[in-house]
Amino acid sequence: MYIRDKISEQIKEITAKALDKAVASGAFAVETMPDLFLEIPREKEHGEYSTNIAMQLPKQTKKPPRFIAETLVANIETEGSCIDSVEIAGPGFINFKLKKSWHYPVLEEIAAMKKDYGRSQKHAGKTFNLEFISANPTGPMHMGNARGGAIGDILASIADWTGYEVTREFYINDAGNQIVKFGDSLDARYRQLLGEDVPFPEDGYQGEDITEHMKNFIAEHGDVHQAMESAERKELLIDYALNKNLDQIKSDLAAYGIHYDVWFSEQSLYDSGAIEDTIVRLKKGGYTYEKDGALWFKSTEFGSEKDDVLVRANGIPTYFMGDIAYHANKYITRGFDRCINVWGADHHGHVARLAGALTALGIDAADNFDVVIMQLVRLLRNGEVTRMSKRKGKAIALTDLIDEVGVDATRFFFNLRSPDSHFDFDLDLAMEQSSDNPVFYVQYAHARICSIIRQMTEELDAAAPLELTRLTEKEEFNLIEVLSLFPDEILAAEDRLDPSKITRYTIDLASAFHSFYNACHVRVEDKVLMKARVALIEATQQVIENALGILGISAPERM
RNA sequence: GCGCCUGUAGCUCAGUAGGAUAGAGCAACGGCCUUCUAAGCCGUGUGCCAGGGGUUCGAAUCCCUUCAGGCGCACCA
């Protein structure tokens, strides 16, 4: 349990006791006790913690909030607690000011926990599956995948820090219609390259990469497949290009700092009979019906506006069907407690019906299934919006982005805003590598600290005692306060499935450090003070390192 | 037409379960390096929180409605 948890628990306990005493003395009667909630006031003059309990009680007590607050405060026992003073303010807030000494144990805590400072056991013992990117393997990844990758990977780290046992997973869409189209496109290019006058499929993949694949294929194998049966050859070409693409995706993502635990093949659901099993389950549950030769799912029974096709009239299951079987595999076959998917906004219409299907399968989708919908990325070049179109091959590739902008900045940028926000990626700004880029601001703070520590180790009088109470400047206290918030920040990021909270936290922390740096010198004559300040910046270094670690961004020791 | 997301300072966005005087960065202007990294710090100002109703002690936050932008509403994925 962290210092802040201990403090807020103590304040709540003391307040609850005061409330009991007030009621016992007959000052007012309370029928149902509202939840005691502490908030951290925006204004520092309002103390470290504040409660609005007195403003929640007037209705049932028939007493004005100020009266309730006054009665409560009169009954509060602060003896032996961390509370320095209790004040009533505004319409009836009760503000708690803490003794300054509450700060020091924070540094001891960080020094003791080091790389684990910020971790909690909230979800210990539970498994968590995070599926993200799952890019179509018919071509290279683009900017949208880059955002999903940064969000998903960091969300996974955050879940890990809250105690979950996390599995990062990539769902390979290697079955279905787009693979057929992929094969048609490959086949057409193959034959065109060998001089045949065949038309390119109208809705085919027009990207250069398709032609590239076939050039390479011909270079490797010559034209021996030209005489082959078309269907047979397509299968061969798909197998060839798909594997190349997957290898490329894997290495591109590795370069982006993303490492998956599981690469899950959609096709394997067909091969293993999982699709068929799931269809049977849904049928048995009475959630399906046949119409126009197709098998339908009763989505409308789960709040959707219309029912959806599971198996087409031609006997081929839909993508929806595959996704249901896939999630059944996650929950039922593999037994994950919680599953989260990161999807682009263009897929949000799919969420409700999938959740409905999971509910039909007896899975508690309401509690254990979530889809983080990220709004689509627009690309800004020369101040103009560039439309992305994968089929025309116009999309900015993930690799180009990383080459030009760098892994650290790319990951940071994509997590600067909440997934909900419509995000304009300004290529020119991102490529500028100027100080406008906030990632430098944070990394610079880290490098600065490392530089100081490097120099201090020689000067530091080892015999000087460590007296943290020598830290009394307001910049020092402020920095410690920001450090103490880190564990809560991770929990909040997990709770809201919003990784950008951590990114913004690193900026706040760096800012608190830079302010301290300009106000206080670490290298001072007074060796005891110096030692205390070194302890402070070491703690800061550790927390920046931990936070950047969650973000998958490097914490450089020199810049 | 229906559903989801968004609308807060000139720009990009925060805003904690409804809380106290709505915040930060960028941009603008003015200061701060003979001492630990100036990629830094300090200071100055800006808001009909898209508009209109409602709920209540109290609303940027919740409900209704209008407007604007994005994305969906396939036997595509």
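Numbers restart at 1 for each chain; the letters A, B, ... are given by sequence-line order, proteins then strands. The figures here come from the full heavy-atom set of this structure, side chains too, leaving out hydrogens, waters and symmetry mates. No experiment lies behind these values; they were computed from the predicted model shown.
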Practice task
Name the nucleic acid region contacted by A/P91, choosing base, sugar-phosphate or nothing; use a 4.0 angstrom heavy-atom cut-off, strictly under.
Solution key: base
Handout entry: Among B/C75, B/C41, B/G19, the one nearest A/T318 by side-chain distance
Key = B/C75
Problem - A/L310 CG - B/A74 P separation (whole Å) - result: 16 Å
Practice task
Identify the nucleotide, in any strand shown, that forms a Watson-Crick or G-U wobble pair with B/U55, with both distances under 3.5 Å; if there is none, say none.
Solution key: none
Exercise for the section: Would you please confirm or rule out a distance under 4.0 Å between OP1 or OP2 of B/A20 and any side-chain N or O of A/R42? Expected result: yes
Exercise for the section: Could you tell me whether the side-chain ring of A/F93 sits stacked on the base of B/A20, using a centroid cut-off under 5.5 Å and a plane angle under 30°? Expected result: yes
Practice task
Determine yes or no for a side-chain-to-main-chain donor-acceptor pair under 3.5 angstrom, with A/S500 supplying the side chain and A/T503 the backbone.
Solution key: no
Handout entry: Aromatic ring proximity, centroids under 6.0 angstrom, A/Y287 and A/F302
Key = yes
Practice task
Nearest whole angstrom, please: distance from the C1' of B/U16 to the CG of A/L485.
Solution key: 11 Å
Practice task
Taking atom P in both B/G45 and B/G10, compute the distance separating them and give it to the nearest angstrom.
Solution key: 16 Å
Handout entry: Donor-acceptor contact present, side-chain A/S511 to main-chain A/I507, <3.5 Å
Key = no
Problem - B/U46 and B/C4, which share atom name P, separated by this distance in whole Å - result: 39 Å
Handout entry: Between A/F486 and A/Y505, ring centroids under 6.0 Å
Key = yes
Practice task
Have a look at A/D308 and say if it touches a base, only the backbone sugar-phosphate, or nothing, with a 4.0 Å heavy-atom cut-off.
Solution key: nothing
Completion exercise
Ranking A/R417 and A/N177 by the position along RNA chain B of their nearest nucleotide, the one closer to 5' is A/R417
Completion exercise
Whether each nucleotide of nucleotides 29-38 of chain B has a protein heavy atom under 4.0 Å at its base (B), only at its sugar-phosphate (S) or at neither (-) is summarised, 5' to 3', as ------BBBS
Exercise for the section: Report the nucleotide, chosen from B/A14, B/U21, B/A74, that has the shortest atom-to-atom distance to any side-chain atom of A/S421. Expected result: B/A14
Handout entry: Sugar-phosphate, base or nothing in reach of A/A345, heavy atoms under 4.0 Å
Key = sugar-phosphate
Fill in the blank from the handout: Across every strand shown, the nucleotide meeting Watson-Crick or G-U wobble geometry with B/C4 (both distances under 3.5 Å) is B/G70
Practice task
Answer with yes or no whether A/H422 presents, from its side chain, a donor or acceptor under 3.5 Å of a partner atom in the base of B/C5.
Solution key: yes
Exercise for the section: Tell me whether the centres of the aromatic rings in A/W343 and A/H350 are closer together than 6.0 Å. Expected result: yes
Problem - Partner nucleotide, any strand, of B/C29 [Watson-Crick/G-U, under 3.5 Å] - result: B/G43
Practice task
Send over the distance from A/Q375 CD to B/G72 P, rounded to a whole Å.
Solution key: 11 Å
Problem - Span that lies between the C1' atom of B/A27 and that of B/U44, in whole angstrom - result: 14 Å
Handout entry: N/O donor-acceptor pair under 3.5 Å between A/S304 side chain and A/T300 backbone
Key = no
Practice task
Look at A/R504 and B/G25 and indicate whether a side-chain polar atom (N or O) is within less than 4.0 Å of OP1 or OP2.
Solution key: no
Handout entry: Given B/G19, B/G72, B/U6, the nucleotide with the shortest approach to the side chain of A/D346
Key = B/G72
Problem - OP1 or OP2 of B/G15 under 4.0 Å from side-chain N/O of A/K501 - result: yes
Practice task
Look at all strands and tell whether A/S500 reaches a base, only sugar-phosphate, or nothing, counting heavy atoms closer than 4.0 Å.
Solution key: nothing
Fill in the blank from the handout: In whole angstroms, the gap separating P of B/A77 from CG of A/N341 amounts to 17 Å
Problem - A/N52 side chain, from C-beta outward: closest of B/G19, B/A77, B/C41 - result: B/G19
Exercise for the section: Compute the ring centroids of A/F513 and A/H446, then answer whether they are less than 6.0 Å apart. Expected result: no
Handout entry: A/I68 CD1 - B/C57 P separation (whole Å)
Key = 12 Å
Handout entry: Interatomic distance, A/K44 NZ vs B/U21 C1' [rounded to whole Å]
Key = 17 Å
Practice task
Calculate the interatomic distance between A/W343 atom CH2 and B/G70 atom P; express it in whole Å.
Solution key: 24 Å
Completion exercise
Judged by whether its glycosidic angle lies within 90° of 0, B/C11 is anti
Practice task
Please work out if A/D307 contacts a base, only the sugar-phosphate, or nothing of the nucleic acid, heavy-atom cut-off 4.0 Å.
Solution key: nothing
Problem - Residue of the set A/K298, A/R353, A/K291 for which salt bridge (charged side-chain N to carboxylate O under 4.0 Å, His left out) holds with A/D308 - result: A/R353
Problem - Pairing partner (Watson-Crick or G-U wobble, both distances under 3.5 angstrom) of B/C75 - result: none
Fill in the blank from the handout: The answer to which of A/D498 and A/P41 contacts RNA chain B further toward the 5' end, by nearest nucleotide, is A/D498
Exercise for the section: Measure the distance from CD on A/E489 to P on B/U16 and round it to the nearest whole Å. Expected result: 12 Å
Handout entry: B/U56 versus B/C63 - spacing of their C1' atoms, nearest Å
Key = 13 Å
Exercise for the section: Would you indicate what A/R353 reaches in the nucleic acid, counting non-hydrogen atoms under 4.0 angstrom: base, sugar-phosphate, or nothing? Expected result: base
Problem - Any donor-acceptor N/O pair, A/S185 side chain to A/Y205 backbone, under 3.5 Å - result: yes
Problem - Under-4.0 Å side-chain N/O to phosphate OP1/OP2 contact, A/S515 with B/C42 - result: yes
Handout entry: Check: A/Y171/A/D323 side-chain N/O donor and acceptor closer than 3.5 Å
Key = no
Exercise for the section: With heavy atoms under 4.0 Å as the rule, sort A/H348 into base, sugar-phosphate or nothing. Expected result: base
Completion exercise
Answer for the Watson-Crick or wobble partner of B/U21, both distances under 3.5 Å, is none
Exercise for the section: Pick the C1' atom in B/A60 and in B/C49, then give their distance to the nearest Å. Expected result: 5 Å
Exercise for the section: Mark this stacking check for A/H347 against B/G72 as yes or no, applying ring centres under 5.5 Å and ring planes under 30°. Expected result: no
Handout entry: Separation of the P atoms in B/A50 and B/A59, to the nearest angstrom
Key = 15 Å
Practice task
For B/A22 versus B/G15, give the span between their C1' atoms, rounded off to a whole number of Å.
Solution key: 8 Å
Handout entry: Whole-angstrom distance between B/U61 and B/U6, as gauged at atom C1'
Key = 15 Å
Handout entry: Test side chain to side chain contact (heavy atoms under 4.5 Å, CB included) applied to A/Y517 and A/L479, step by step
Key = CA-CA 10 Å; A/Y517 176 88; A/L479 180 52; over 6 Å; no
Fill in the blank from the handout: Looking only at B/C75, B/C5, B/C41, the nucleotide nearest the A/Y441 side chain is B/C41
